[in-house]
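Just so we're on the same page: letters track the sequence lines, and every chain starts at 1. Please read these numbers as outputs of a predicted model, since none were measured by experiment.
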2 protein chains.
Amino acid sequence: MKKVIFAGLGAMGWPMASNMLASGIDVTPCDVDIERVERFERQGGTKGDLENHLPAADGLFVMVVNAEQVRSLLFDGDMVKRLKPGACIVQMSTVSPGESARISHEVEAVRDDLHYVDAPVSGGVVGAQQGSLTIMAAGHPDALAACRGTFEVLGGAIFHAGDRAGQGAAFKAVNQLLCGVHIAAAAEALALAEKNGLNLEVMVEMLGGSSASSWMLKDRGPRMILPPEEITSVVDIFCKDLGIVCESAKQSRAYTPLAHAAYQLFVASSERGEGKLDDSQVIQTYRLLNGKG
Amino acid sequence: MKKVIFAGLGAMGWPMASNMLASGIDVTPCDVDIERVERFERQGGTKGDLENHLPAADGLFVMVVNAEQVRSLLFDGDMVKRLKPGACIVQMSTVSPGESARISHEVEAVRDDLHYVDAPVSGGVVGAQQGSLTIMAAGHPDALAACRGTFEVLGGAIFHAGDRAGQGAAFKAVNQLLCGVHIAAAAEALALAEKNGLNLEVMVEMLGGSSASSWMLKDRGPRMILPPEEITSVVDIFCKDLGIVCESAKQSRAYTPLAHAAYQLFVASSERGEGKLDDSQVIQTYRLLNGKG
């Protein structure tokens, strides 16, 4: 792809679009926040009326907050109608598998000559900045082949999640199930250690080197003992992502007791007003219930 | 320590005692199975009546199945009474923190001139064979110092869990909480993927390289997709270990919803007659509930 539209210049979208730009791709920015669009243009983004750039774009990349924003972006204006035949809509925001499949059908109802690629990512803001995201892409093989080069700019690992929209989102839901449960499990384990009066620093070191280890334990464990100064991902993100996991389980009628329990722990943190804290602070819900809060 | 008694020549104890022997320690074997004792003696273990060796031993190492066996070993005969003053009882079997503390007190009631070291391990049979166990040792600093050299023969990582019996067992419970929850979470995630018709091989590869990864996912994940030919640890071990985690949580009145949910999944597998299968096969409980069993 030589020329793309990038919609959604948030914490994830901005560095992703910036990496595309740095790799030589012609990127036209799109965001409801005009100031951000202008800032991106000053950084090298293609200027001018979006309407004029749409018919020339090989791809429309979407990285917004939820399914509602995806629909608003695609259907409130003429976005879908103005794309050239054969162009790819690359939907990278985290939505549920059912929503992803539905949005794909809604696009098809308007235009049957476009490709819809369902390609959520994991790796967070750091992965977006470093171009090391994990990309789980589902769609027509021709469309995935067309996206390949651009995906390589954004991610260190690209996986073929399937041929149908919804399968990328389903991959992401499975991924987030483990991420969320692992954070909650680390909190449960360290809160139990705390309740037993054990040395938490020794504990985190021990667990990180044993078969009890997880990526999340190593990353979030130290931040549960000493609250972090910097926040990389907040509690509310996991309320959203584990909510999507639970929705995905409901849609496919699957049994997910650990994901549901973890979801409720994050929601409890958020409802106490701690939604904007680092997600490691879900341990406060355990402390509260353990009489240590 | 130059001379020890090693009690419990099972799947864990045998390789541990063998590694001690190979390092030049004088090891007198002890087991209810006389044939095993004789086999160990032929391998280089010290022969002769245990009663005569007890007063000369620097340490009595215990690696049996549960607290009942520990008590039977220590108190049914004259074991504790015949140890020399200052000798260490090194209790490495997995028991609950409360049981560990109580056994220590029971020893003290018989003899107040012995050291009791609460030193459970993690790393399984492979770790025992390779001498790469993680050891979580709690006890008097003098006793821990006396054990240090022998621990280094058994383990690659030795942690100071505390100064009181029970704290080693509490460390182990926290460790097993994560191990058990991580196996169950991997099963939940892969069963959800299966229910969605996703490619499980691609899924396991993706998860193993993302922030969703855990030691257990990488080890057990592939065995959930293709049942393993070899069994390294069975479902019933986690029924026992997560049972101890739940008991530990009850003793300390801590909130552990994930551990309890995971425990019940392993118990359900065992109750269906699958307790002797590889622990990765807890995924069958999910498959059954997902209509895929």
Side-chain angles (χ1 to χ4, degrees), chain A residues 97 122-124 134 136 157 159-162 167 170-171 173-179 181-182 184-186 188-193 195-199 202-203 205-207 209-217 219 245 248-249 252-259 261-262 265 286 289-291, chain B residues 97 122-124 134 136 157 159-162 167 170-171 173-179 181-182 184-186 188-193 195-199 202-203 205-207 209-217 219 245 248-249 252-259 261-262 265 286 289-291:
Chain A
S122 84
T134 295
M136 307 153 223
F159 292 94
H160 181 206
Q167 291 178 309
F171 255 68
V174 172
N175 190 81
Q176 293 311 90
L177 183 158
L178 284 173
C179 290
V181 170
H182 288 170
E188 182 166 313
L190 294 177
L192 175 62
K195 183 87 178 176
N196 276 276
L198 303 176
N199 183 319
V202 175
M203 181 60 82
E205 192 195 340
M206 190 273 288
L207 296 173
S210 87
S211 48
S213 188
S214 72
W215 192 98
M216 283 297 177
L217 175 87
D219 191 73
V245 171
S248 163
S252 57
R253 296 170 63 91
Y255 179 64
T256 53
L258 301 177
L265 293 163
Y286 281 98
L289 287 161
N290 285 347
Chain B
S122 84
T134 296
M136 308 154 223
F159 293 93
H160 182 206
Q167 291 177 309
F171 255 68
V174 172
N175 191 79
Q176 293 311 90
L177 183 158
L178 284 173
C179 290
V181 170
H182 288 171
E188 182 165 313
L190 293 177
L192 175 62
K195 183 85 178 176
N196 277 277
L198 303 177
N199 183 321
V202 175
M203 181 61 81
E205 192 196 339
M206 190 274 288
L207 296 173
S210 87
S211 49
S213 189
S214 72
W215 193 98
M216 283 297 178
L217 175 88
D219 190 73
V245 172
S248 163
S252 56
R253 296 171 64 90
Y255 179 65
T256 53
L258 301 177
L265 292 164
Y286 281 99
L289 287 161
N290 286 346

*Derivation and outcome, side chain to side chain contact (heavy atoms under 4.5 Å, CB included), residues Met206(B) and Asn175(A)*: CA-CA 9 Å; Met206(B) 190 274 288; Asn175(A) 190 81; 3.6 Å; yes

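When each of Asn196(B), Leu289(B), Leu198(B), Leu192(B) is scored by its heavy-atom pairs under 4.5 Å with chain A, the top score falls to Leu198(B). Counting heavy-atom pairs under 4.5 Å between each of Leu190(B), Asp219(B), Thr256(B) and chain A puts Thr256(B) at the top. Ranking Val245(B), Leu207(B), Val181(B), Leu265(B) against chain A, the residue ahead of the rest is Leu207(B), based on heavy-atom pairs under 4.5 Å. Heavy-atom pairs under 4.5 Å with chain A were tallied for Glu188(B), Met136(B), Glu205(B); the largest tally goes to Glu188(B). In terms of heavy-atom pairs under 4.5 angstrom with chain A, the leader among Ala261(B), Ser210(B), Ala157(B) is Ser210(B). With chain A as the partner, the residue from Ala212(B), Gly291(B), Gly197(B) showing the most heavy-atom pairs under 4.5 Å is Ala212(B).
For Ser211(A), the parts lying near chain B are the backbone and the side chain together; criterion is any non-hydrogen pair under 4.5 Å. Contacts between Ala189(A) and chain B at a heavy-atom distance below 4.5 Å involve backbone atoms as well as side-chain atoms. In this structure, the portion of Leu177(A) lying under 4.5 Å from any heavy atom of chain B is its side chain and not its backbone. Only the backbone of Ala161(A) comes within less than 4.5 Å of a heavy atom of chain B; no side-chain atom from C-beta onward does. For chain B, the nearby parts of Ala185(A) are the backbone and the side chain; heavy atoms of each come within less than 4.5 Å. Proximity to chain B is limited to the side chain of Thr134(A), based on heavy atoms less than 4.5 angstrom apart. Contact annotation for Ala191(B): neither backbone nor side-chain heavy atoms come within less than 4.5 Å of a heavy atom of chain A.
Between Asn290(A) and Lys195(A) the shortest heavy-atom distance is O-NZ, 2.7 Å. The two residues Ala193(B) and Met203(B) have their closest heavy-atom pair at CB-CE, 3.9 Å. Heavy-atom minimum distance, His182(A) versus Ser214(B): CE1-CB, 3.6 Å.
Annotation: the span from Tyr286(B) atom OH to Leu258(A) atom CG amounts to 4.0 Å, rounded to 0.5 Å. To the nearest 0.5 angstrom, Ser122(B) atom OG is 9.0 Å from Phe159(B) atom CZ.
A donor-acceptor distance shorter than 3.5 angstrom exists from the side chain of Ser252(A) to the backbone of Ser248(A), with no hydrogens or angles considered.
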